[in-house]
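Structure record follows, encoded as structure tokens.
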Number of protein chains: 2
Amino acid sequence: MKATSYSRPELIALLRRHGVAPTHQRLEIAHVLFGRCEHLAADQILTLVNERHAETSKATVYNTLNLFRDRGLIREVIVDPKRVFYDPNTQPHHHLYNIDTGEITDIGAEVLAVSGLPELPPGMVTEGVDIIVRIRAL
Amino acid sequence: MKATSYSRPELIALLRRHGVAPTHQRLEIAHVLFGRCEHLAADQILTLVNERHAETSKATVYNTLNLFRDRGLIREVIVDPKRVFYDPNTQPHHHLYNIDTGEITDIGAEVLAVSGLPELPPGMVTEGVDIIVRIRAL
DNA sequence: CCAAAGATTGGACTTTGTCTAATTCCGGAA
DNA sequence: TTCCGGAATTAGACAAAGTCCAATCTTTGG
């Protein structure tokens, strides 16, 4: 969870490196995602991006998040049936989910280890292993 | 994953044991959930329950699933952002999720071990640890 | 600088799930 | 058995997240 905020040219390079054309709206969204290091939902991103001047539509936010996800720039975090969160950290890691507040925190994959993963049927591959530790106030 | 189909009196006893009044509709829903051993979504349950005669409303299906979940009769499985699945198996276990087909399979908790769970902030307790192994055809 | 390819847009639409007020059901007491 | 009050069910309106579409606007390679 680095606090580094990318500069505009860095963001452009980042998108290009993933084969994404750096349009104005995409840069705004990337800025929001990579600027802070939180787990944000689409509606939060829509709000943040349009804080100063309304300049990005709902459709574009959804299009862009799906594009970023497909191109491996961000990861989806599915812990809340109500909305998907997006995680700018694409390193292997897991999540701590506070079911009272909705807060999501990363747990590095180095810390958490799983053993005993079953063998897969032939022709099947593991796409990823997600561990969600659900916690709450006592 | 036992194939045992509960008899009607057994279902009634099961509900009563969990403090749930055994109404006609609740028994129908319990029958669908515990009869087959699949992971079903609310809309599938609604369809199955009304296959012969329409007799249970959408509202009741949702009410009942939430009630069963709160009373510990079933568990929610959150793997697909589009819909929640309900799992009649309340033993500790994890899931294999086929992202192509949407198929969900259980993995016994005995098989899978996690090490390195972080210490929680004081006053926090772990509600549960969910592991989802996402797989797909090569 | 121009045209084609690609991106963005508002708004309608879909889907999952919740809410509400009115009705119906159920179980216990007499 | 009948009656009563609380609990359960219901239709349908509603809400929120996300998708789709056809029209418009940008971007970019040549």
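Residue numbers begin at 1 in each chain, while the letters A, B, ... track the order of the sequences.
- In terms of heavy-atom proximity, B:L96 sits nearest to A:P118 at CD1-CG, 4.5 Å.
- Atom CG of residue B:N50 and atom OG1 of residue B:T56 lie 5.0 Å apart, to the nearest 0.5 angstrom.
- Comparing the local axis fitted to the first five base pairs of the helix from C:dC1-D:dG30 to C:dA30-D:dT1 with the one fitted to its last five gives a bend of 30°, rounded to 10°.
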Please report, to 0.1 Å, the donor-acceptor pairs under 3.5 Å made by any side chain of residues 11-32 of chain A, with sequence neighbours excluded.
{"unit_1": "A:H18", "atom_1": "ND1", "unit_2": "A:L14", "atom_2": "O", "d": "3.0"}
{"unit_1": "A:T23", "atom_1": "OG1", "unit_2": "A:R26", "atom_2": "N", "d": "3.3"}
{"unit_1": "A:R26", "atom_1": "NH1", "unit_2": "A:A21", "atom_2": "O", "d": "2.9"}

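- Note on A:A41: nothing from the nucleic acid sits closer than 4.0 angstrom, heavy atoms only.
- A:I78 is not connected to A:V114 by any chain of hydrophobic side-chain contacts under 4.5 Å among Ile, Leu, Val, Met, Phe, Trp and Tyr, and they are in different clusters.
- Across all their heavy atoms, B:A109 and B:P92 have their closest contact at CB-O, 3.0 Å.
- Taking CG from A:L73 and CG from A:L33, the interatomic distance works out to 9.0 Å, rounded to the nearest 0.5 Å.
- Residue B:T23 is in sugar-phosphate contact alone, with no base atom involved, counting any heavy-atom pair closer than 4.0 Å across all strands shown.
- A:V77 and B:V133 fall into different hydrophobic clusters, where Ile, Leu, Val, Met, Phe, Trp and Tyr residues are linked whenever their side-chain heavy atoms come under 4.5 Å apart, directly or through other members.
- Using a 4.5 Å heavy-atom cutoff, the side chains of A:I135 and B:V125 are not in contact.
- In this structure, A:T105 OG1 and A:Y97 OH are separated by 11.0 Å, a value rounded to the nearest 0.5 Å.
- B:S115 pairs by the side chain to side chain donor-acceptor pair (under 3.5 Å) definition with nothing, not counting sequence neighbours.
- There is a path of hydrophobic side-chain contacts, each under 4.5 Å, that joins B:I131 to A:I107.
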Per-pair distances, 0.1 Å, donor-acceptor, side chain in residues 58-70 of chain A, under 3.5 Å, sequence neighbours excluded:
{"unit_1": "A:T60", "atom_1": "OG1", "unit_2": "A:S57", "atom_2": "OG", "d": "3.2"}
{"unit_1": "A:N63", "atom_1": "ND2", "unit_2": "A:A59", "atom_2": "O", "d": "3.3"}
{"unit_1": "A:T64", "atom_1": "OG1", "unit_2": "A:T60", "atom_2": "O", "d": "2.7"}
{"unit_1": "A:N66", "atom_1": "OD1", "unit_2": "A:R69", "atom_2": "NH2", "d": "2.8"}
{"unit_1": "A:N66", "atom_1": "ND2", "unit_2": "A:Y62", "atom_2": "O", "d": "3.4"}
{"unit_1": "A:R69", "atom_1": "NE", "unit_2": "A:E76", "atom_2": "OE2", "d": "3.0"}
{"unit_1": "A:R69", "atom_1": "NH1", "unit_2": "A:N66", "atom_2": "O", "d": "3.4"}
{"unit_1": "A:R69", "atom_1": "NH2", "unit_2": "A:E76", "atom_2": "OE2", "d": "3.3"}

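- Looking at residues 76-86 of chain A, you'll see A:K82, A:R83, A:V84 sit with a heavy atom under 4.0 Å from some atom of DNA chain D.
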For nucleotides 1-6 of chain C, read 5' to 3', which letter fits each nucleotide if B means a protein heavy atom sits under 4.0 Å from the base, S means only the sugar-phosphate is that close, and - means neither? ------
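- From B:I104, atom CD1 reaches atom CD1 of B:I132 across 9.0 Å, with rounding to the nearest 0.5 Å.
- Here the range on DNA chain D touched by chain B, meaning any atom under 4.0 Å from one of its heavy atoms, is D:dA8 to D:dA13.
- Taking hydrophobic clusters as Ile, Leu, Val, Met, Phe, Trp and Tyr residues chained together by side-chain heavy-atom distances below 4.5 Å, B:M124 does not share a cluster with A:V79.
- OP1 or OP2 of C:dT9 sits under 4.0 Å from a side-chain N or O of A:T60.
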Per-pair distances, 0.1 Å, donor-acceptor, side chain in residues 40-48 of chain A, under 3.5 Å, sequence neighbours excluded:
{"unit_1": "A:Q44", "atom_1": "OE1", "unit_2": "A:A41", "atom_2": "N", "d": "2.7"}
{"unit_1": "A:T47", "atom_1": "OG1", "unit_2": "A:D43", "atom_2": "O", "d": "3.0"}

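- Residues of residues 61-70 of chain A that place a heavy atom closer than 4.0 Å to DNA chain D, in numerical order, are A:Y62, A:N66.
- Applying the side chain to side chain donor-acceptor pair (under 3.5 Å) test to pairs two or more places apart or on separate chains, those with a residue in residues 119-133 of chain A are A:E127-B:R136, A:D130-B:R134.
- Considering only residues two or more places apart in sequence or on other chains, B:H93 meets the ring pair (Phe, Tyr, Trp, His ring centres under 6.0 Å) condition with B:H95.
- For the segment residues 46-55 of chain B, residues with any heavy atom less than 4.0 angstrom from an atom of DNA chain D are, sorted by number, B:E55.
- The distance from atom CD1 of A:I99 to atom CD of A:E103, rounded to the nearest 0.5 Å, is 13.0 Å.
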